[in-house]
Amino acid sequence: MQTVQVIVDVPTMQTNRPYTYLVPERLTNQVEAGMRVIVPFGRGHREVQGFVVATGQTESAYQGALKELTALMDLTPVLNPEMLALSKWLADHTYAFWISCLYTMLPNLLKAKTKRLVRVIDEFDPQLQQSLFGEAATLDLAQVQTDPAAMHELVKLKRAGKVQIEYAVEDQARAKQVTALQATLDFEVYEELLATVPKNAKAQQRLLVYLQGLGEQKVPLKAARQQTGLSLATFRLGEQRGWLKKSLVEQLRTPMRQTKGADRPVTLNAEQTAAVTAIQAGIQAPTAPTFLLKGVTGSGKTEVYLRAMAAALANGQTALMLVPEIALTPQMVQRVRGRFGQQVAILHSGLSNGERYDEWRRIQRQEVQVVVGTRSAIFAPLPKLGLIVIDEEHENSYKQEDAPRYHAREVAKWRAQYHHAAVVLGSATPSLESYARAKTGNYHLLTLTHRVNQQPLPPVTVVDMRQEPRQGGESNFSRALLAAVQARLAKGEQSILLLNRRGFSSFMMCRDCGYVLKCPNCDISLTLHLATQNMKCHYCGFEAPIPQRCPHCASRQIRYYGTGTEKVEAELKHRLPAARVIRMDVDTTRRKGQHAKLLQAFGQHQADILLGTQMIAKGLDFPNVTLVGVLNADTGLDLPDFRAGERTFDLLAQVSGRAGRADKAGQVFIQTYNPDNYVIQLAQAGNYEAFFGAEMQLRKQAQYPPYFYTVRLMVAHPEEKAAAKVIHQLARRLQGHLAPETVVLGPTPRAIARIKNQYYYQIVIKYRHDPALHQLLTELQHEIQRDRQLHFAIDPDPQYFM
DNA sequence: AGCACGCCGACT
DNA sequence: GTCGGCGTGCTC
């Protein structure tokens, strides 16, 4: 009998392997690898969703009786052989469950909902039955679970054999269907009918002519009504007379379909031409080269991407392009769509599940040749990939922070290898890892040094905040910056003010006893929110009213410290009452689409000042903006994170490149308490090369990437002792099994030791070459699962260490 | 995860 | 003596 290997939807370490199932007679030769199936799993009648990862392998070591799979969920595989192989690699590489990887690669709708229904199978107390079930035959267990009393009764009934639990695995994937119409008669017949319809029945005549012209095709009713202007009643009449028939057709939910006009290729300069030529050769070669396209803002990277993508298409291949965040880069999407039209699919987090599923199906059915999207779009099942572009490759949104902890860049390289495709990494400030690889010849370096519009970069002024007068309380604004903003106001030009808030918050402190208001669940101080008049925990969402007295010593001498966007906004209002300010931070952009809305309003000059956190750095493409001010450039510099300098440099470089985009000259102010810091100085000079040199020295000394690789082991437990015990066990297990050069940092409690009532500990391993490490970590992962309250994770190449 | 088995304390 | 608490182990 035919058997299949199935990965079941039970994400635990113990079940993280294929299970063998028999294929029942009726399904023989229908089941293929990559299909979703429903299988019985565990005792009782439990059924779960699973993925067939292999077929026809009978050599199972399992001694027990094999079960049959219950049903197929797909007629054709949802995963092709490439995607199956990729999922396996991903699970191995990121220490994640295989099932989690499979789901990560697919649209959410392909994850089935499991329902548990309780059914009465034997009579019991009618009164109790009435109260539990009412008139219904079954009960959804998920709904009862909130009611402990009812659950208690059901457990007793289950034990007594009065009720049983039935399992239903429900596929959520649905195609949207609309009514369509189709002509039923031949051309000549309509001709005859036209002659018989009364002369004054204009609507009927128009309908007949319309149907005559349709031929075989099915047209959605809505579209037909729009095209003809006829009423629903007329179509109904046509149906009654047998002139047309209605049916249901599938309609794809496609977002933002309208294109704002075609995008025409721009003439390339010599550097761009050289880059395109090199990439084109890479696409055609039977290898998988990676290119690093380094070019300052405005040097025409996008045009190179578009030309390279066109080259892949011309070669009969497809192209995939990743952007950090679609909401922030609408221009990029517009240009790709403008250039390639309907052959483009868009994938990003702003899509509804239905839209995402439909875009995915367009790709799956090979209706598109180009995909643009955010991180997870790297899994778009494009066949015959010729090119993968990763724009702003240094952005850390390409690394997923929860399981599976993959980096899109690494997945891109894997897929390129599979297809012999080319990878293009683009950035003005490449990650140190990528630039180092380009320097050693691992990647091919392509450089764009000229700005297309020949505009010089705006002058950058560093303001030493230590020199500012202190009288009248501390201000967020230096005299120079405030004067510059005022000057812009007078000229009717716009300013952008950026508050670098990473690792920063405003907190309440008692001046008498020094008590700081902290979250009861997490070990961090609560942040003051003026708009909602309360204190919030930014980690777990806990809220409390603003205290009037110190909860510890009852003193009234309680005040808040630090700087938040709200506080800056208040100061702006006070100092520049005439200025119209748009504030942009996590609070004002929480709602979907709010982000784009605020940027649009600013673009239409509905405000003079855009004030926000780093999120505004990416939306800085406004011709009327001639001033950019960074209020506190260095708050990020002191973080206990070896990438702090790199992130600050990126942020400042990005900001500096963006003031004065059009004909007006721009100006940049960077306020800092560390004007001598190399990051600030080199950012001011816009000298990436020098920054790279300096930072590489530090990394080499401290044995950090790109000289060393890092892996982070994390343990979380509600009991601090239990967490500490496990992390020390792990540390001991590592001893004596690592390469001599490998370094173990920790174990340490995380910077914020307690979040959501969980205690966190971590170990960071730095290594150059340690062939046994991966195997060792995989084994640790298996050994560790004992306490059910314990969370354990391994993060390869973590982006943050706090 | 979700379920059953199994071994100890507080009730009939 | 049993009911039901939750620690432990297993799922093709």
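Every chain is numbered from 1 and lettered A, B, ... according to where its sequence line falls, protein lines coming before strand lines. None of the values given here were measured: they were computed from a predicted structure.
Protein atom CE of A/Met151 is 12 Å distant from nucleotide atom P of C/dG5, rounded to whole Å. Atom P of nucleotide C/dT11 and atom CE of A/Met13 are separated by 16 Å, given to the nearest angstrom. Going from atom NZ of A/Lys113 over to atom C1' of B/dA1 covers 17 Å, rounded to whole Å. Between the CG atom of A/Leu790 and the C1' atom of B/dA1 there is a distance of 16 Å, rounded to whole Å. Atom CG in A/Asp9 sits roughly 9 Å away from atom C1' in B/dA1 (whole-Å rounding). For the pair A/Trp98 CH2 and C/dC12 C1', the computed distance is 15 Å after rounding to whole Å. When the P atom of C/dC12 is taken as reference, atom CG of A/Asn16 falls 16 Å away, rounded to whole Å. Between the CG atom of A/Leu66 and the P atom of C/dT11 there is a distance of 12 Å, rounded to whole Å.
Sorted by first and then second residue, the ring pair (Phe, Tyr, Trp, His ring centres under 6.0 Å) pairs with a member in residues 105-156 of chain A form an empty list; sequence neighbours excluded. Counting only residues at least two apart or in different chains, ring pair (Phe, Tyr, Trp, His ring centres under 6.0 Å) contacts with residues 22-47 of chain A comprise A/Tyr19-A/Phe41.
Counting non-hydrogen atoms under 4.0 angstrom, A/Pro18 reaches nothing in the nucleic acid. At the heavy-atom level, A/Tyr21 lies under 4.0 Å from the strands shown only through sugar-phosphate atoms.
Remark: A/Arg733 pairs with A/Glu783 by the salt bridge (Lys or Arg N to Asp or Glu O under 4.0 Å) rule, at least two apart or across chains. Considering only residues two or more places apart in sequence or on other chains, A/Arg375 meets the side-chain hydrogen bond (donor to acceptor under 3.5 Å, both in side chains) condition with A/Gln400. For the salt bridge (Lys or Arg N to Asp or Glu O under 4.0 Å) test, residues two or more places apart in sequence or in another chain that qualify with A/Asp74 are A/Arg36.
Aromatic pair A/Phe379/A/Tyr406: centroids less than 6.0 angstrom apart.
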* Structure fact -> Under a 4.0 Å heavy-atom criterion, the protein footprint on nucleotides 2-12 of chain B, written with B, S and -, is BBS--------
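Minimum heavy-atom separation, A/Pro404 to A/Thr94: CB-OG1, 3.6 Å.
In this pair, A/Tyr62 lays its aromatic ring flat on the base of C/dC12, centres within 5.5 Å and planes under 30 degrees apart.
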